[in-house]
2 protein chains.
Amino acid sequence: METKSDSAVPTIADVARRAGVSTATVSRCLNDPSKVQPATREKVQEAVRALGYTPNFGARALVAKRTNTVGAVIPTMDNAIFARGLQAFQEALHEQGVTLLVASAQYQPDFEEEQIRTLLARGADGLLLIGYERGPEIYAELQRRGVATVVAWAFDPNSPLTSVGFDNRKAMKALAGAVVARGHRHIGVISAVTASNDRARDRVSGIKEVLAEEGLPVSNLRIIETNYAIESGRYAAAELLSHTPRPTAIMCGNDVLAAGAIREVRRMGYRVPEDISVTGFDDIELAEICEPPLTTVHVPHRQMGHRAALALLQMIREGQAAPSIELKTELRVRDSLGPCPTS
Amino acid sequence: METKSDSAVPTIADVARRAGVSTATVSRCLNDPSKVQPATREKVQEAVRALGYTPNFGARALVAKRTNTVGAVIPTMDNAIFARGLQAFQEALHEQGVTLLVASAQYQPDFEEEQIRTLLARGADGLLLIGYERGPEIYAELQRRGVATVVAWAFDPNSPLTSVGFDNRKAMKALAGAVVARGHRHIGVISAVTASNDRARDRVSGIKEVLAEEGLPVSNLRIIETNYAIESGRYAAAELLSHTPRPTAIMCGNDVLAAGAIREVRRMGYRVPEDISVTGFDDIELAEICEPPLTTVHVPHRQMGHRAALALLQMIREGQAAPSIELKTELRVRDSLGPCPTS
DNA sequence: AAGCAAAATGTAAGCGCTTACATTCGACAC
DNA sequence: GTGTCGAATGTAAGCGCTTACATTTTGCTT
């Protein structure tokens, strides 16, 4: 024998009844306390507490058209690549009373689309997306719904979309420059799958450009595409080193792959960097505990997350696009990169 | 000059109008197509497509009381500890058409509570929580709302809550046994902060129990609590090694701390494991690329995530608690653990 | 003490959807 | 042709909330 009032989830009407006021007053109390008399406020708050009332989010969103929620769709949660940036993003949002919902798309375009729609249907006021590349229908949909959107982890001044990120190509060019400057001529590349991943593609083309500028044939590059995982880095490294001429440097699309690569290179009996140099990208914590520590591109993850949040909040509030922000990356030269061995 | 029909987000009424049917038919078409004539279905689907209609989630949840959504609140997204398990969890849910929402609580009880409430307000049908320890009000609230809940990453046969996990104490005892068996008598421990973290606490007490069983004084243990980060592992290791008598083994609360510890131990000029042994917990990918590879406790993360999902779905569907599942952990003895140096 | 504007509160209309119930339709038996 | 019945569709009532508007109360001024 359950009575409506004590078993079910309390509604605003229950609170109103208990406090002896109307539902409107309760609502005001919750949304803008300054609009109600302190004495009334007290009564309502007590009722809320006693009942353990939480406003039904769906109902609220239905009428208010504002959810104070933003969504982020990231390619993967499997490793720490996005962790730090997302963390900063969330912190900045939370400070403003906005909740972050995270969904992982597992590097699958279809799945990403599905996740975006899920977030939209849930009424996300804004969206954080990684990289530019996705179908035009999605962008059309976002625009039609007037959902504020920020692209991170990439930067393209020519895109109409607001982005807070860095130029992947430029960043990788700087690193590749450092590798080539040390005399390396045969370079193995372990990249993420470049189909539908503009960041991975930009990084690879950064390397190619450097080679071209140095007058080196692109055939000196051996590229393997694989998914982002330590294990994959190991396999790919083993594969690269089995070819002739053997590369003297292995450049990886991120630190995770590089960590695997270093491990495998050493397991095969080569020294790093005396025999083979290895580089990463991202400069996550992992880079520093590699043996030897990884030469990589430092990405200002926290700053990126923080500024992306501010840009997004601004867009939501003002209802119009904010300017894109280009962040600077930095070379971090550590022991995993050395001069090309003289053969 | 925007017309209602083309600029705004389409509603079920727009679809109904365009298809020349009632909203009820559209709804049926979406929720149970078999209830609708194929010809009608066709018309509706075409209208849906043309309008780019997506049902408003809030409205649907408001009336249907079912969201096909489950939430997971994890302590951190900063490292990969929960990544693999969560991945498997999500995969299993997705297979059944259920969406996963993830929130991070950053190891802060208050924040966790807030995140849980957020998920509840959003109508999550079920919840995945990590570890048992949290305030009783939360549990009361969950019960009152009838939200299916599964606790993972821990296992306690005496708890009324359904859990899918492993016995942290037992697992750590096995590892500590292996350490003690190799002659180590002075052991440094780097643990997560144990306040409001039952898993960390259980692991530490596992170590203590082994010492007690071996008749060794607990004072042989030097314990440092810190947050889960590679850097923290480094600092803690440096601190531990500065004491006399210097521990010959450092047992860490997880692989992330251990990775930092190994790095620091070697940086200080000690050899691992000849001078100092180091152990971890979790057996994430990181463990294998440490130098030397980490001796650790293997946790069946994917299996845990998968079975947690099944248990949760079952609970949601049947409306009653499912039996808890204890998963077995395994010792992974790798090179970071060696015999105690004879001094 | 009366009058009035401002502040506080109440009333009630929907937001977009599902679903119980009512209605219409068509196929079939007679 | 009529009657019957199940299938297909429509009608309309809310779900829990916010908010425009109406009403009451409060605190002043005169």
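- Rounded to whole angstrom, the span from the CZ atom of A/Arg60 across to the C1' atom of D/dC17 amounts to 8 Å.
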Determine all donor-acceptor pairs shorter than 3.5 Å in which one atom belongs to a side chain in residues 34-44 of chain A; sequence neighbours excluded.
unit_1, atom_1, unit_2, atom_2, d
A/Ser34, OG, A/Asp32, OD1, 2.8
A/Arg41, NE, A/Pro33, O, 3.3
A/Arg41, NH2, A/Pro33, O, 3.4
A/Arg41, NH2, A/Val36, O, 3.2

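- Contacts of B/Tyr53 with the nucleic acid, taken as non-hydrogen atoms under 4.0 Å apart, involve only primed sugar atoms and P, OP1 or OP2.
- Judged by distance alone, with hydrogens and angles left aside, the side-chain atoms of A/Thr69 form a donor-acceptor pair with the main-chain N or O of A/Thr67 at under 3.5 Å.
- For the pair A/Arg17 CZ and C/dT9 P, the computed distance is 19 Å after rounding to whole Å.
- Side-chain atoms of A/Asp125 never come within 3.5 Å of backbone atoms of A/Arg66 as a donor-acceptor pair (strictly under, hydrogens ignored).
- If you take CD of A/Glu42 and C1' of C/dA8, they are 17 Å apart, rounded to a whole angstrom.
- Between the CG atom of A/Asp32 and the P atom of D/dT19 there is a distance of 10 Å, rounded to whole Å.
- Here B/Glu113 pairs with B/Arg117 under the salt bridge (charged side-chain N to carboxylate O under 4.0 Å, His left out) rule; sequence neighbours left out.
- In the displayed structure, A/Gln108 atom CD is contacted under 6.0 Å by more than 12 heavy atoms of other residues, nucleotides or ligands.
- Summarising the geometry, the separation between CG on B/Leu62 and P on D/dG14 is reported as 14 Å, rounded to the nearest angstrom.
- Taking atom CG of residue A/Asn31 and atom C1' of nucleotide D/dA20, one finds them 15 Å apart after rounding to whole Å.
- Within a 6.0 Å sphere centred on CD of A/Glu46, heavy atoms belonging to other residues, nucleotides or ligands number more than 12.
- Judged purely by atom type and a 3.5 angstrom limit, A/Asp198 uses its side chain to pair as donor or acceptor with the backbone of A/Glu133.
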Report summary line: Counting primed atoms, P, OP1 and OP2 as sugar-phosphate and everything else as base, the B/S/- map of nucleotides 7-13 of chain D against protein heavy atoms under 4.0 Å is -SBBB--
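- The side chain of B/Thr11 places no N or O atom within less than 4.0 Å of a non-bridging phosphate oxygen (OP1 or OP2) of C/dG16.
- The phosphate of C/dC15 (OP1 or OP2) has no side-chain N or O of B/Asn56 nearer than 4.0 angstrom.
- A/Asp14 places its CG atom 10 Å from the C1' atom of D/dG16, with the value rounded to the nearest Å.
- The distance between atom CG of A/Asn68 and atom P of D/dC17, rounded to the nearest whole Å, is 16 Å.
- The phosphate of D/dT18 has neither OP1 nor OP2 within less than 4.0 Å of any side-chain N or O from A/Lys65.
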